[in-house]
Q: 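This is the structure I have questions about; it appears just below.
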Amino acid sequence: MAAIPGVPGDVHLEYKHFFGGAALFAEGRICMSITHAELALKLPPETKDRLLADSQAEPLRYFPNGPVKRDYALFPGGAVESDESFGQLALESIQYALSLPKPKTKLKAR
């Protein structure tokens, strides 16, 4: 994927509809979303905490009084410092998602 340099060619990336927006999945694991809440990246705790502490990102809540989504950093207005920074964070998001267990598939009722 040209927009995210460094992603191995054998990693399957897929965009799907997600809460009125879209989400990027890497091998079936969500790593990014863009919704009414703006752009959010799933990141390792140390990266997310640094971005929040530096006021480069905000905690993600899908609703004003909703719970904070613990693995995510929200970038209102797409406020990532540069295309290069976004590329690095996007790659880190994909790598982090790939390090997590695969989601369990739900069996369809017969």
Side-chain angles (χ1 to χ4, degrees):
M1 177 172 242
I4 307 172
V7 176
D10 61 344
V11 173
H12 177 71
L13 298 176
E14 181 178 18
Y15 292 96
K16 295 181 184 179
H17 289 286
F18 184 77
F19 293 116
L24 177 67
F25 292 78
E27 300 295 338
R29 300 166 182 98
I30 190 167
C31 55
M32 294 179 221
S33 70
I34 194 158
T35 65
H36 68 281
E38 306 285 343
L39 172 68
L41 300 176
K42 186 177 226 175
L43 294 164
E46 59 277 359
T47 301
K48 178 198 59 127
D49 292 345
R50 177 181 52 79
L51 291 167
L52 295 175
D54 293 346
S55 299
Q56 294 180 46
E58 298 174 5
L60 173 62
R61 286 187 168 92
Y62 284 110
F63 307 101
N65 294 320
V68 171
K69 302 305 267 180
R70 66 184 176 114
D71 286 341
Y72 290 86
L74 177 69
F75 298 90
V80 179
E81 290 181 4
S82 68
D83 289 344
E84 183 178 319
S85 295
F86 174 75
Q88 292 169 347
L89 289 172
L91 180 58
E92 190 170 355
S93 177
I94 291 168
Q95 291 170 333
Y96 179 60
L98 291 172
S99 75
L100 300 172
K102 272 195 164 189
K104 295 181 182 182
T105 56
K106 296 179 182 178
L107 297 177
K108 292 183 179 181
R110 293 181 185 208

Q: For Pro67 versus Arg61, what's the shortest heavy-atom pair and its separation?
A: O-CG, 3.7 Å

Q: What is the minimum heavy-atom distance between Ile94 and Ala26, and which atoms define it?
A: CG2-CB, 3.9 Å

Q: State, yes or no, whether a side-chain contact exists between Thr47 and Tyr96 at a heavy-atom distance under 4.5 Å.
A: no

Q: If you apply the rule side-chain contact (heavy atoms from CB on, under 4.5 Å), what do you find for Leu39 with Leu74, and how did you get there?
A: CA-CA 6 Å; Leu39 172 68; Leu74 177 69; 5.9 Å; no

Q: Do Leu91 and Val7 come within less than 4.5 Å of each other through their side chains, counting heavy atoms only?
A: yes

Q: Please check if the side chain of Glu27 supplies one atom and the backbone of His12 the other of a donor-acceptor pair under 3.5 Å.
A: yes

Q: At their closest point, which heavy atom of Met32 faces which heavy atom of Ser93, and how far apart are they?
A: CG-OG, 3.9 Å

Q: Below 4.5 Å, heavy atoms only, C-beta onward: do Phe25 and Ser33 meet side chain to side chain?
A: no

Q: Looking only at atom types and distance, does a side-chain atom of Arg29 sit under 3.5 Å from a main-chain N or O of Leu100, one as donor and one as acceptor?
A: yes

Q: If you measure from CD on Gln56 to CG on Leu89, what distance do you get to the nearest 0.5 Å?
A: 8.0 Å

Q: Can you find a heavy atom in the side chain of Pro59 that is under 4.5 Å from one in the side chain of Leu52?
A: yes

Q: Is there a path of hydrophobic side-chain contacts, each under 4.5 Å between heavy atoms, that joins Val68 and Ile30?
A: no

Q: Between Leu43 and Asp71, is there a side-chain heavy-atom distance shorter than 4.5 Å?
A: no

Q: Show your working on side-chain contact (heavy atoms from CB on, under 4.5 Å) between Tyr62 and Lys69 and close with a plain yes or no.
A: CA-CA 8 Å; Tyr62 284 110; Lys69 302 305 267 180; 3.9 Å; yes

Q: Ignoring hydrogens, what is the shortest heavy-atom contact between Leu41 and Ala90? Give both atom names and the distance.
A: CD1-N, 4.4 Å

Q: Hey, does Lys48 have a side-chain heavy atom less than 4.5 Å from the side chain of Arg50?
A: no

